[in-house]
Amino acid sequence: MNAPVDPNRQEGEPMPGSRLTHEDRRQIAIWLAEGLGYAEIARRLGRPTSTISREVARNSAPGGYLADPAQQAAGRRARRRRPVQATEPPADERPAESVRGFVEQFATLLVGTGLPRMPARVFVCLLTSGSGSLTSAELVRRLQVSPASVSKAIGYLEEIELVRRTQDAGRRERYVIDDDVWLRAFKADTGAHAEVAAAARHGIEIFGSGTSAGTRLSQMAQFFAWISEQMNDSGLTDAVVRDALTVLAALVYAARPLTVDDLATALDWPIQRAAGALDAISRRPILSDPLTVEQVGRGVYAIAPRPDRLSSAQRDALIVSPRSTGASR
């Protein structure tokens with residue numbers, strides 16, 4: 001189904017699938033100031049709601065979303081994109097049939113998450129390529145589909161920022177998956193989740209907090225508000241997130257409390273880097289879920305299960321004596 005198009009959009013203006021223009025950003029800023037939600041703004045511009053939520057999340061300034069700074073930020077990102085020097089292997093070492101089967105199976109799983117079929121196939125094809133980038137002709141050959149199908153799928157994937165375009169040394173256009181795609185995807189829909197939470201809270205006012213509908217809406221509002229909070233930009237870069245996960249792995253592997261010095265020495269890091277990773281975990285507990293990092297002494301850290309993940313009865317049931325398990329004394 002085609003997205004509804006703003007009746008005020010003039011002939012010749014960019015249609016869905018193209019990049020946001022300066023005028024689009026001016027309209028977004030005006031409509032946000034008027035209190036319109038992302039879904040209504042998207043409807044007026046003929047864009048997916050996710051495009052608007054990502055635009056606002058990525059380009060908002062401390063004073064809110066402003067068109068001119070947003071346009072400048074988008075321009076800076078475009079200039080930072082460097083051409084990819086890609087040398088795709090002539091053939092995969094694995095049997096071609098197994099590769100094709102994996103692409104189709106993985107794409108089917110992604111369709112189950114809401115990604116349309118053709119964009120899912122194109123995405124998995126890019127994901128499993130040697131360089132993380134392919135040309136349109138390469139995608140057509142690998143997927144045995146028409147160039148128009150590839151072009152439409154790429155347009156969709158660009159809208160949700162899973163791929164980008166660049167040019168190789170031969171001036172051919174290539175489609176690229178960046179290394180930080182998952183972190184950007186994790187952060188991208190903050191605004192949309194916050195909007196769902198706000199709408200659910202408004203529903204509670206309409207139906208009443210004591211009604212069954214009000215109770216369900218309250219649970220929904222709490223859930224989406226929590227997701228929005230966790231996905232909101234915390235200033236953590238993908239490098240810091242990776243460091244935090246490495247520290248977690250080190251504590252699990254050591255199976256004993258460690259100081260910051262212990263971690264820095266074992267990981268061959270500066271002390272500031274290890275301390276920064278521990279600080280990231282304390283500021284974003286979701287990074288270690290379902291574990292938690294506890295300070296068990298001055299500058300000493302240990303890993304433990306999050307106590308709120310199990311009830312007291314569940315914890316008691318898991319603490320069993322050797323006799324109950326049939327083990328010999």
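Just so it is clear, the structure is predicted and the values come from calculations on it, not from any experiment.
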Could you tell me which residues satisfy side chain to side chain contact (heavy atoms under 4.5 Å, CB included) with [X], sequence neighbours excluded, listed by chain and number?
X    : value
R298 : none
S212 : R216
S136 : V140, V150, Y175
T211 : F207, A213

Do T135 and R172 have side-chain atoms, one donor and one acceptor, less than 3.5 Å apart?
-> no

Side chains of residues 268-279: which donor-acceptor pairs under 3.5 Å do they make with residues two or more places apart or in other chains?
from	atom 1	to	atom 2	distance (Å)
R273	NE	D243	OD1	3.3
R273	NE	D243	OD2	2.9
R273	NH2	D243	OD1	2.9
D279	OD2	R283	NE	2.9

Is the shortest distance from a Lys or Arg side-chain nitrogen in D68 or R25 to a carboxylate oxygen in the other one below 4.0 Å?
-> no

Charged N-O contact under 4.0 Å between E138 and R174 = yes

Residues two or more places apart in sequence or in another chain: which of them pass salt bridge (Lys or Arg N to Asp or Glu O under 4.0 Å) with [X]?
X    : value
E294 : none
R141 : none
D262 : none

Do the side chain of [X] and the main chain of [Y] share a donor and acceptor less than 3.5 angstrom apart?
X    : Y    : result
S151 : A148 : no
T265 : D261 : yes
T51  : R47  : no

Between T215 and S218, is a side chain to side chain donor-acceptor pair (under 3.5 Å) present by the stated rule, with each step listed?
-> CA-CA 5 Å; T215 300; S218 176; over 6 Å; no

Between [X] and [Y], what is the shortest heavy-atom contact and its length?
X    : Y    : result
A120 : V111 : CB-CG2, 4.0 Å
I52  : L45  : CD1-CD1, 4.0 Å
V122 : A153 : CG2-CB, 3.7 Å
R117 : A107 : NH1-C, 4.0 Å

Out of curiosity, T292 OG1 to I303 CD1, how far, rounded to the nearest 0.5 Å?
-> 7.0 Å

Using distance only, find each side-chain donor-acceptor pair of residues 197-206 under 3.5 Å and give its atom names and separation, not counting sequence neighbours.
none

Within a strict 4.5 Å, meaning less than it, do heavy atoms of the L263 and V247 side chains meet?
-> yes

May I ask you to test the R121-E104 pair for a side-chain heavy-atom distance under 4.5 Å?
-> yes

Audit row: L134, C125, side-chain contact (heavy atoms from CB on, under 4.5 Å) steps and yes/no = CA-CA 9 Å; L134 294 169; C125 205; 4.1 Å; yes

hydrophobic_cluster_shared for L291 and Y253, side chain cutoff 4.5 Å | no

Could you give me the CA-CA distance, side-chain angles and deciding distance for V163 and V176, then say whether side-chain contact (heavy atoms from CB on, under 4.5 Å) is met?
-> CA-CA 5 Å; V163 304; V176 183; over 6 Å; no

With Y301 via ring pair (Phe, Tyr, Trp, His ring centres under 6.0 Å) - residues at least two apart = none

Salt bridge (Lys or Arg N to Asp or Glu O under 4.0 Å): which pairs involve residues 32-42, sequence neighbours left out?
-> E40-R43, E40-R44

Joining Ile, Leu, Val, Met, Phe, Trp and Tyr whenever any side-chain heavy atoms lie under 4.5 Å apart, the cluster holding V296 also takes in V300

